[in-house]
Protein chains: 2
Amino acid sequence: MTKAENTTRQKIVETARALFHEQGYHATGMATILRLAGVNSGSLYHFFPSKEALLEAVLESYLGGLGPMLIDPVEAAFGDPVERIFGLLDQYRQALLMTDFSYGCPIGNLALEMGADDGDVARLIADNFAAWRDAIEGWLSAAFSAKDVDISGLTALTLAVMEGALMQARVAKKIEPFDEAVAQYRKMLGT
Amino acid sequence: MTKAENTTRQKIVETARALFHEQGYHATGMATILRLAGVNSGSLYHFFPSKEALLEAVLESYLGGLGPMLIDPVEAAFGDPVERIFGLLDQYRQALLMTDFSYGCPIGNLALEMGADDGDVARLIADNFAAWRDAIEGWLSAAFSAKDVDISGLTALTLAVMEGALMQARVAKKIEPFDEAVAQYRKMLGT
DNA sequence: TATTGAGTTGAATGATCAATCAAATTATTT
DNA sequence: AAATAATTTGATTGATCATTCAACTCAATA
């Protein structure tokens with residue numbers, strides 16, 4: 001499935017993904033998506049019945065891109081599972097610095113903005129989180145399965161550090177909270 | 001300052017606070033605020049020049065309420081500084097369970113939804129986070145200042161666990177990720 | 001080449017958005 | 001009681017919202 005996608009559809013999803021990430025879902029108007037994608041409204045609604053359906057496509061593209069875009073590169077760069085976790089954290093760190101602290105986790109942003117939601121969107125956000133969980137849990141298992149460690153709990157804590165550290169740095173517009181939280185997390189893993 | 005506030009103004013701020021929390025800022029229309037507050041638009045705009053100004057008032061009310069509504073009760077209930085932290089976490093836990101996992105941190109929600117923002121709103125969100133930081137840092141200092149601990153880093157990690165654990169439980173619609181993350185955090189504090 | 005259907009055009013729709021304002025009312029001060 | 005100020009009324013505004021649709025183009029197939 002999802003082989004050699006239509007180019008107009010792709011353009012729409014990628015434009016929407018960028019705008020939803022930068023501005024949020026509600027703050028992004030269809031007119032802006034259409035203008036930046038260089039597409040007419042009829043074309044968009046030929047592929048997507050609604051704005052919400054477009055958001056669902058964006059969330060599916062995040063889900064599909066998680067492996068090839070994030071997990072795989074990190075696994076290629078680092079052999080040690082623990083280093084892989086910090087490699088992922090460093091990706092966030094770089095994104096924060098490069099965007100002057102405007103970068104946020106796309107899934108985390110949508111999760112909190114769409115918190116009220118209860119339909120396909122909520123399910124897709126949960127699916128995305130679950131995929132992240134699985135990747136991190138796999139690494140932690142590889143590193144600590146022999147020892148007496150609660151892998152599931154450590155995974156939850158790891159995700160919490162990622163999202164929470166990112167949020168703090170973004171709000172404070174400085175990298176220190178992120179670095180400090182990660183340093184503490186690293187120390188904890190060491191013991 | 002802020003002595004014996006006008007009742008109409010209060011009603012508006014409290015209604016807006018509830019709606020912004022439940023639905024988010026952009027998803028909440030002024031018409032809904034007006035209807036639920038039982039107030040006419042002219043009255044609202046007599047007190048607040050814009051929707052954004054109303055959000056600023058809401059954020060100021062969060063800032064003012066942090067001590068009396070959250071910190072003080074927890075400090076009254078628990079003497080031990082570490083227990084106070086877990087008392088605060090338990091407040092979140094109860095809120096999650098009572099709302100069927102729809103409860104989110106009001107400040108965290110707004111922080112991620114308004115991430116693009118760069119004006120007074122962003123400053124007020126940062127002020128709120130700073131106030132939370134100060135409270136937690138005070139407790140951690142009382143507990144660990146003697147020992148060789150990075151209090152600032154531990155504070156950042158604590159906040160990250162709060163926000164990150166809440167986010168995960170909300171998305172997964174189950175308490176386990178929250179409990180697991182907190183359990184790991186507790187174990188870490190013990191060592 | 002005729003037919004079919006996927007894709008595109010872009011103006012138009014009604015709903016909802018935040019915000020306005022002159023007039024009326026109520027509260028405060030003189 | 002008169003004058004002034006603060007607050008409230010609520011219809012109305014223009015902008016923007018997501019969405020629709022009939023007409024059109026173009027590529028694939030028969």
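- Per the geometry, CE belonging to A:M30 stands 18 Å off P belonging to C:dG10, to the nearest Å.
- Nearest approach of B:G87 to B:F78, heavy atoms of both residues: CA-CE1, 3.8 Å.
- Contact annotation for A:G42: base contact, defined as any heavy-atom pair under 4.0 Å involving a base atom.
- At the phosphate of C:dA19, OP1 or OP2 sits under 4.0 Å from a side-chain N or O atom of B:Y45.
- Checked by distance alone, A:S41 brings no side-chain donor or acceptor within 3.5 Å of a matching partner on the base of D:dA18.
- Between B:K173 and B:D100, none of the side-chain N atoms (NZ, or NE/NH1/NH2) sits under 4.0 Å from a carboxylate O, so this pair counts as no salt bridge.
- Side-chain polar atoms of B:R17 and B:S61 form a donor-acceptor pair below 3.5 angstrom.
- Between the CZ atom of A:R35 and the P atom of D:dT16 there is a distance of 11 Å, rounded to whole Å.
- To the nearest angstrom, P of C:dC17 lies 10 Å from CD1 of B:I33.
- In this structure, the CZ atom of B:F48 is 14 Å from the C1' atom of D:dT7, given to the nearest Å.
- To the nearest angstrom, P of C:dA18 lies 12 Å from CG of B:L19.
- Across all strands shown, B:T32 has no heavy atoms under 4.0 Å from either base or sugar-phosphate atoms.
- The side chain of A:H46 contributes no N or O atom lying less than 4.0 Å from OP1 or OP2 of C:dT8.
- With hydrogens and angles ignored, no donor-acceptor pair under 3.5 angstrom links the side chain of A:T8 to the base of C:dA6.
- The OH atom of A:Y25 sits 8 Å away from the P atom of D:dA18 (whole-angstrom rounding).
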Yes or no on ring-ring contact (aromatic ring centres under 6.0 Å, His included) for B:H26 and A:Y25, after CA distance, side-chain angles and deciding distance? CA-CA 9 Å; B:H26 288 103; A:Y25 174 75; over 10 Å; no
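- A:N40 places its CG atom 14 Å from the C1' atom of C:dA12, with the value rounded to the nearest Å.
- The nearest whole Å value for the distance from the CG atom in A:L34 to the P atom in C:dT9 is 11 Å.
- Proximity of B:L88 to B:M162: side-chain heavy atoms (C-beta onward) are separated by under 4.5 Å at one or more points.
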